[in-house]
Amino acid sequence: MQIYDDPVRVLFQKMIPELVSNPSKQFSKSNAIQWFKNNYPRIKEGTIIAHLMRFSTNAPSRLHYSPKPEEDCLFQIDGSMYRLYDRNLDPHPIHSVEDIAVSRDTIQKPEPLENSSAFSYEKDLQNYLSKNIGMLGKGLKLYQDEGITGIEFPVGGKFVDILAQDADDNLVVIELKVARGYDKVVGQLLRYMAWIRIHQADSGQGVRGIIVGREITDDLKLACSGLSNIELFEYDLSVKLRKIEPVS
């Protein structure tokens, strides 16, 4: 929901010239957060960081926010530093999955998985659940704020697979595990939930978590046995085949 007269994407167009007065200058994620704290303090930190992704031409996560050509303004140098985008020197801005493959300098890489197939499966699962989020609970919907969606929502240098909102207005942090769900994922999820509670949730707004895995291990069940704010789900894969006749 829009808080100020101008949406955050317009406020970013005001912020960038102030932080980067010439092409050689750089600014940090902390500089952007502080600028909003000084000028528009009601904008949440997660929303600011997500907009940094949206405006960064080499950030793959910007695809989740449907960036417009006029938002091709920044180049992400590393996990926390930014500069102006240079059309003559930098790769073509990412506006599609194909652009990611040909980009020379994408700095935002996914956390390591067991293999490339696992990464593909996780992205497929993420895509499916984000479009069918109600399968995880009645009234559940994908989180949205000022044009930012809950897919790969930024949390302190990491990314939540899916951030959702339930019928009671609680924020729901959803972690996906295409392989076995081990107990160590609980610590990761609790860390993400704490970040959301501190930096993104409104005062009094609850935060809970969901782990979705191909197999939920006994260790994971045990680790969550005393946590009333975490739910566990297992998923099954289903494949349907239909015969296609060759051209006669």
Side-chain angles (χ1 to χ4, degrees), residues 1-2 7-9 12 29 43-68 71 74 76 79 93-101 103 106-113 116 118-137 139-167 169-178 181 185 188-189 191-193 195-197 199-201 205 207-214 231 233 235:
M1 183 175 67
Q2 187 171 314
V8 175
R9 59 182 176 79
F12 252 71
K29 183 187 302 180
I43 302 300
K44 299 171 183 176
E45 187 171 325
T47 302
I48 298 168
I49 297 171
H51 273 81
L52 283 171
M53 298 295 99
R54 180 177 184 165
F55 276 74
S56 294
T57 57
N58 60 326
S61 286
R62 76 191 312 241
L63 292 181
H64 300 303
Y65 313 138
S66 303
K68 299 176 174 58
E71 295 166 350
L74 301 175
Q76 189 176 9
I94 293 174
H95 284 282
S96 69
V97 174
E98 289 73 21
D99 292 332
I100 298 175
S103 178
T106 51
I107 49 75
Q108 186 188 353
K109 295 179 173 59
E111 295 182 13
L113 293 168
S116 59
F119 177 69
S120 297
Y121 293 150
E122 186 166 301
K123 301 306 289 183
D124 289 340
L125 181 61
Q126 180 191 63
N127 182 55
Y128 179 80
L129 285 179
S130 66
K131 295 176 180 177
N132 300 274
I133 199 73
M135 296 177 66
L136 296 175
L140 205 62
K141 61 183 180 181
L142 189 66
Y143 179 79
Q144 301 214 23
D145 182 46
E146 294 264 11
I148 298 302
T149 73
I151 303 175
E152 292 186 18
F153 194 83
V155 286
K158 304 290 186 178
F159 294 87
V160 167
D161 289 325
I162 301 175
L163 181 63
Q165 198 162 1
D166 67 19
D169 199 39
N170 298 306
L171 295 179
V172 184
V173 179
I174 303 170
E175 275 298 290
L176 310 177
K177 295 298 174 185
V178 297
V185 71
Q188 179 185 33
L189 180 62
R191 184 171 71 250
Y192 293 167
M193 290 167 59
W195 196 98
I196 291 293
R197 184 181 300 109
H199 297 286
Q200 197 68 18
Q205 188 175 29
V207 179
R208 60 186 182 90
I210 292 177
I211 298 171
V212 180
R214 181 70 181 87
E231 292 181 288
F233 286 83
Y235 69 89

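The figures here come from the full heavy-atom set of this structure, side chains too, leaving out hydrogens, waters and symmetry mates.
- In this structure, CG in Leu52 is found 8.0 Å from CD in Gln76, a value given to the nearest 0.5 Å.
- Considering only heavy atoms from C-beta on, Glu175 stays 4.5 Å or farther from Met193 through its side chain.
- Taken from CD in Gln188 to NZ in Lys158, the straight-line distance is 8.0 Å, to the nearest 0.5 Å.
- Here the rule is ring-ring contact (aromatic ring centres under 6.0 Å, His included) with Phe153, and of Phe159, Trp195, Tyr143 only Tyr143 fits it.
- Going from atom CD of Glu231 over to atom CD1 of Ile211 covers 11.0 Å, rounded to the nearest 0.5 Å.
- For NZ of Lys131, the number of neighbouring non-hydrogen atoms (other residues, nucleotides, ligands) closer than 6.0 Å is 12 at most.
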Do Val172 and Ile133 pass the side chain to side chain contact (heavy atoms under 4.5 Å, CB included) test, and can you show the C-alpha distance, the side-chain angles, and the key distance before you say yes or no?
-> CA-CA 11 Å; Val172 184; Ile133 199 73; over 6 Å; no
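- No hydrogens or angles considered: nothing links the side chains of Glu71 and Tyr65 as a donor-acceptor pair under 3.5 Å.
- Taking every heavy atom of both residues into account, Gln200 and Thr47 meet most closely at NE2-OG1, 3.0 Å.
- The shortest distance between side-chain heavy atoms of Val212 and Ile162 does not fall below 4.5 Å.
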CA sep, side-chain torsions, deciding dist, call: Asp166, Arg208, side chain to side chain contact (heavy atoms under 4.5 Å, CB included) = CA-CA 10 Å; Asp166 67 19; Arg208 60 186 182 90; 3.0 Å; yes
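- Of all heavy-atom pairs spanning Phe12 and Ile48, the tightest one is CZ-O, 3.5 Å.
- To the nearest 0.5 angstrom, Leu171 atom CG is 6.5 Å from Ile196 atom CD1.
- For Pro154 against Ile49, the heavy-atom pair with the smallest separation is CB-CG2, 3.6 Å.
- Residue Gln126 comes nearest to Asp161 through the heavy atom pair NE2-O, 3.0 Å, listed as atom of the first residue, atom of the second, then distance.
- Looking at Glu146, its side chain never comes within 3.5 Å of a backbone N or O of Arg9 through a donor-acceptor pair.
- Between Ser96 and Leu63, the shortest heavy-atom distance links the atoms N-CD2, 3.4 Å.
- Arg62 and Ile94 get closest at one heavy-atom pair: NH1-O, 2.8 Å.
- Using a distance-only test at 3.5 Å, with no hydrogens or angles considered, a donor-acceptor pair links the side chain of Thr57 to the main chain of Leu74.
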Do Arg54 and Lys68 pass the side chain to side chain contact (heavy atoms under 4.5 Å, CB included) test, and can you show the C-alpha distance, the side-chain angles, and the key distance before you say yes or no?
-> CA-CA 9 Å; Arg54 180 177 184 165; Lys68 299 176 174 58; 4.1 Å; yes
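- Note: Leu140 CG to Ile210 CD1 = 5.5 Å, rounded to the nearest 0.5 Å.
- One distance of note links CG of Leu176 with OH of Tyr128; it measures 13.0 Å at 0.5 Å rounding.
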